[in-house]
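Step one of this worksheet: look at the structure below.
Each ligand, and each atom within it, is numbered from 1 in the order the structure gives.
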Amino acid sequence: MAFGLYVHWPYCESKCPYCDFNSHVANAIDSERWVKAYQNEIERVARSCPDEILSTIFIGGGTPSLMKPEIVEAVLGAATSAWRTTNDLEITMEANPGSVDAARFRSYASAGVNRVSLGIQSLDDTHLRLLGRKHGRDEALAAIEIAQNTFSRVNIDLIYARQNQTIDAWYAELSEAISLGTGHMSLYQLTIEDGTVFAQRHKAGHLRGLPGDDSAADMFELTQSLCAAAGLPAYEVSNHARPGEECRHNMIYWQAGRYAGVGPGAHGRIQLDKRRIATEAIRDPGQWLRAVEEVGNGEHPETSLTSEDQITETLLMGLRINEGLPLAQLEKAGLALNDWQSRLDLIAEGYLEADDDRLKTTASGRLLLNSVIGCLLQDLKTTQS
Ligand SMILES: C[S@@+](CC[C@H](N)C(=O)[O-])C[C@H]1O[C@@H](n2cnc3c(N)ncnc32)[C@H](O)[C@@H]1O
Ligand code: SF4
């Protein structure tokens with residue numbers, strides 16, 4: 001089974017008003033401290049699962065393209081010394097168009113990065129301003145070109161269902177984005193996350209012009225059909241790829257596989273003896289650094305996942321991807337399939353399908369994914385209690 005490493009870089013140039021990721025703005029960053037802390041944490045985590053064979057590394061953030069190339073090199077050096085690796089190790093790095101330049105990208109590529117994920121968000125200057133982005137359309141287009149000239153695999157992130165966005169405007173914007181020719185696109189509906197500036201504005205009635213549920217659902221369906229027609233079908237609710245260009249690292253999450261997480265707030269799922277262990281690092285960057293330096297460990301105490309936790313995670317993740325999840329994985333985690341009536345009801349209603357011993361959402365199930373999962377989990381609570 002594939003094993004991945006997630007490394008979190010928690011800094012950005014500015015905080016976007018919609019974003020609730022663990023990202024912070026800092027005046028000064030001491031690269032040497034970060035290098036040592038990442039190296040120590042990677043070595044510490046690897047001691048608990050030394051026999052894994054690393055097949056993916058994902059450097060996410062925050063804005064990892066603000067990392068000095070020496071830090072990236074040190075992180076990748078530590079990871080590839082700590083574990084054996086597959087021959088086709090996928091190494092992804094997230095980048096923000098405002099911090100992309102060709103020389104910097106070439107340094108990341110020489111350090112081993114072979115896939116880049118660009119936070120484009122929109123190709124329209126007015127909407128980029130509404131999203132509080134520091135970059136404009138021209139910078140976005142230039143960054144995509146530089147990325148395509150440097151890396152063989154490139155993803156772009158776009159956010160839709162934005163303020164005052166019509167379906168025709170999304171059709172035009174998405175068509176242009178597809179024409180740029182990247183092999184992967186992550187297309188997210190704008191979510192108003194608690195604790196963000198957008199949430200405050202929304203509560204105060206100042207975030208006007210957001211599409212209603214019906215328009216957002218129309219935009220989702222348009223997204224599915226346009227991308228599929230262009231040869232980038234969805235393989236997950238928000239992720240589209242040319243066949244073979246799927247993000248292998250994220251597939252590990254969706255298949256409820258094993259991965260280590262290093263850096264502030266990073267999560268991991270590792271195997272210790274027969275137990276599946278959840279790890280979570282300290283979220284605040286300063287506190288994480290101090291914990292690594294002073295106690296030699298940047299994580300909260302680890303927890304063993306119960307059978308119910310594992311079933312819940314397997315469902316939450318596996319029903320997001322087109323291939324679905326093997327029913328045997330649920331049985332292995334302790335689920336008595338025969339007692340699970342809501343599964344049969346949802347299959348009969350056309351929201352789920354079961355074939356080849358896998359459970360999958362149908363297109364209409366994916367449109368109502370949260371309700372479908374809610375219904376399955378509710379039923380599990382009653383059958384397992
Ligand atoms: C961790 S960010 C990394 C990318 C990079 N920091 C940037 O913004 O350019 C990953 C992606 O999540 C998406 N995202 C973040 N907050 C979102 C929200 N509230 N609604 C929808 N998508 C969101 C954006 O598309 C973003 O590019
Ligand atoms: S969206 Fe990206 S650049 Fe903006 S605050 Fe979040 S992580 Fe940073």
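Side-chain contact, Arg366 with Thr361: a donor N or O sits under 3.5 Å from an acceptor N or O.
Listed by number with element, the atoms of ligand 2 under 4.0 angstrom from any heavy atom of Asn96 are 3 (S). Within ligand 1, counting atoms from 1 as listed, the ones closer than 4.0 Å to a heavy atom of Thr63 are 6 (N). Every atom of ligand 1 is numbered from 1 in the order shown, and the set under 4.0 Å from a heavy atom of Gly61 is 1 (C). In the vicinity of Glu94, heavy-atom distances shorter than 4.0 Å reach the ligand 1 atoms 1 (C), 3 (C). Annotation for ligand 1: atoms under 4.0 Å from non-hydrogen atoms of Gly119 are 7 (C), 9 (O), 27 (O). Short contacts between ligand 1 and Asn96, defined as distances under 4.0 Å to a heavy atom of the residue, involve ligand atoms 7 (C), 9 (O). Per-residue contacts place Glu193 under 4.0 angstrom from the following atoms of ligand 1 (heavy atoms of the residue considered): 19 (N).
Looking at Arg133 against ligand 1, only its side chain comes within 4.0 Å, counting heavy atoms. In Gln121, the part holding a heavy atom less than 4.0 Å from any atom of ligand 1 is the side chain. By the criterion of a heavy-atom distance under 4.0 Å, both the backbone and the side chain of Thr191 are placed next to ligand 1. At a heavy-atom distance under 4.0 Å, atoms from both the backbone and the side chain of Tyr18 approach ligand 1. With a heavy-atom cut-off of 4.0 Å, Glu13 does not touch ligand 2 at all.
Counting protein heavy atoms only, atom 21 (C) of ligand 1 is closest to Gln189 O, 3.4 Å. Of the protein's heavy atoms, Phe21 CE1, 3.7 Å lies nearest to atom 12 (O) of ligand 1. In terms of protein heavy-atom proximity, atom 23 (C) of ligand 1 is closest to Ile159 CD1, 3.8 Å. Considering only non-hydrogen protein atoms, atom 13 (C) of ligand 1 sits nearest to Tyr188 CD1, 3.8 Å. Scanning the protein for heavy atoms near atom 10 (C) of ligand 1, the closest one is Asp157 OD2, 3.7 Å.
In this structure, Tyr253 has its ring center closer than 6.0 angstrom to the ring center of Tyr259. Taking the six-membered ring where the residue is Trp, the centroids of His184 and Tyr235 are separated by under 6.0 Å. Checked against a 6.0 Å centroid threshold, the rings of Trp34 and Tyr11 count as neighbours. In this structure, Tyr188 has its ring center at least 6.0 angstrom away from the ring center of Tyr160.
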Does the pair Arg258 and Glu52 meet the rule for a salt bridge (Lys or Arg N to Asp or Glu O under 4.0 Å), with working shown? CA-CA 9 Å; Arg258 298 199 293 265; Glu52 296 285 9; 2.6 Å; yes
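Backbone or side-chain N, O or S atoms of Cys19 do not reach atom 8 (Fe) of ligand 2 at under 2.8 Å. Residue contacts to atom 6 (Fe) of ligand 2: Cys16 brings no N, O or S atom closer than 2.8 Å.
Taking only non-hydrogen atoms, the option from Cys19, Gly62, Gly98, Ala95 nearest to atom 6 (N) of ligand 1 is Gly62.
Counting non-hydrogen atoms of neighbouring residues, nucleotides and ligands closer than 6.0 angstrom, the OH atom of Tyr351 reaches no more than 12 such neighbours. Within 6.0 Å of NZ on Lys15 lie more than 12 heavy atoms contributed by other residues, nucleotides or ligands.
For Arg133, the heavy-atom gap to ligand 2 drops under 4.0 angstrom. For the pair Gly119 and ligand 2, no heavy-atom separation below 4.0 Å is found.
Closest heavy-atom contact between Arg104 and Leu66: NH1-C, 3.8 Å.
Between Glu32 and Glu70, the closest side-chain pair of non-hydrogen atoms is not below 4.5 Å.
Of the candidates Glu173, Arg162, Gln163, His127 forms a side-chain hydrogen bond (donor to acceptor under 3.5 Å, both in side chains) with just one, namely Arg162.
Hydrophobic clustering of Ile, Leu, Val, Met, Phe, Trp and Tyr side chains at less than 4.5 Å, counting indirect connections, unites Val292 with Val35.
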